[in-house]
Amino acid sequence: MQREEEKIHITANERKDAYKEASHFALDMAKLVFGGVILAGIMDLDVDKWVLFLVGGLIVLIMILLGTFLYFMAIKD
């Protein structure tokens, strides 16, 4: 027996809400990574500081750009 494929219908308001929630999630992740990088930099860990700040900063930048893009997708008419 082959199951009939069901399509999911998403309204425009539901799509905007999903984009807005995803943007909040991405920006929250950027804040958490930023805080983690600062805390790891303060602690005396055996980690190269340049690599820590470079990789952490790159991830924060990517998450901020993703969050901003998703936010603008949410407010787009």
Side-chain angles (χ1 to χ4, degrees):
M1 230 189 262
Q2 191 173 7
R3 184 177 160 195
E4 189 174 319
E5 188 174 322
E6 296 179 21
K7 293 187 179 182
I8 299 173
H9 298 286
I10 299 175
T11 64
N13 285 337
E14 290 173 337
R15 181 174 288 125
K16 286 183 179 187
D17 289 342
Y19 280 139
K20 192 175 283 189
E21 286 298 318
S23 73
H24 288 299
F25 178 75
L27 293 173
D28 285 343
M29 290 301 294
K31 288 187 281 187
L32 288 171
V33 170
F34 181 75
V37 167
I38 296 300
L39 285 175
I42 291 172
M43 297 172 62
D44 288 332
L45 298 176
D46 189 26
V47 177
D48 188 13
K49 302 264 189 215
W50 283 103
V51 173
L52 174 70
F53 290 125
L54 182 68
V55 172
L58 184 64
I59 291 172
V60 168
L61 182 64
I62 290 170
M63 295 304 286
I64 288 173
L65 291 175
L66 178 64
T68 305
F69 172 75
L70 290 170
Y71 177 75
F72 283 121
M73 289 294 291
I75 63 171
K76 185 175 80 168
D77 289 330

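Just so you know, residue 1 is the first one in the sequence shown, and it goes up from there. All values derive from a computational prediction rather than experimental measurement.
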Query raised in the report: Are M29 and I62 co-members of a hydrophobic cluster defined by side-chain heavy atoms under 4.5 Å apart?
Result: no

Query raised in the report: Counting only heavy atoms not in F25, do more than 12 sit closer than 6.0 Å to its CZ atom?
Result: no

Query raised in the report: Under 4.5 Å between side-chain heavy atoms, hopping through other hydrophobics if needed: is there a path connecting V51 to V47?
Result: yes

Report summary line: Closest non-hydrogen atoms of A30 and I64, given as atom of the first, atom of the second and distance, are CB-CG1, 3.9 Å

Requested in this report: Calculate, to the nearest 0.5 Å, the distance between atoms CG and CZ belonging to L39 and F34 respectively.
Outcome: 10.5 Å

Query raised in the report: Do I42 and W50 sit in the same hydrophobic cluster, where Ile, Leu, Val, Met, Phe, Trp and Tyr count as joined when their side-chain heavy atoms come under 4.5 Å apart?
Result: no

Report task. Calculate, to the nearest 0.5 Å, the distance between atoms CZ and CD1 belonging to F53 and I38 respectively. Result -> 5.5 Å

Query raised in the report: So among I59, L61, V60, which one has a side-chain contact (heavy atoms from CB on, under 4.5 Å) with M63?
Result: I59

**Report entry** Pair K31 + D28: basic N to acidic O under 4.0 Å
**Finding:** yes

**Report entry** Heavy-atom closest pair, residues A22 and L70
**Finding:** CB-CD1, 3.7 Å

Query raised in the report: To the nearest 0.5 Å, what is the distance between NZ (K16) and OG1 (T11)?
Result: 10.5 Å

Query - Nearest atoms (heavy-atom pairs only) where G56 meets V33 - result: O-CG1, 4.0 Å

Report summary line: When every non-hydrogen atom of Y19 is compared with those of A74, the smallest separation belongs to CB-CB, 3.7 Å

Requested in this report: Say whether V37 and V55 are linked into one hydrophobic cluster, either directly or through other cluster members, by side-chain heavy-atom distances under 4.5 angstrom.
Outcome: yes

Requested in this report: Locate the shortest heavy-atom distance separating K49 from M43; write the atom from each residue and the value.
Outcome: NZ-O, 3.7 Å

Query raised in the report: Shortest non-hydrogen contact from L52 to G41?
Result: CD2-N, 3.7 Å

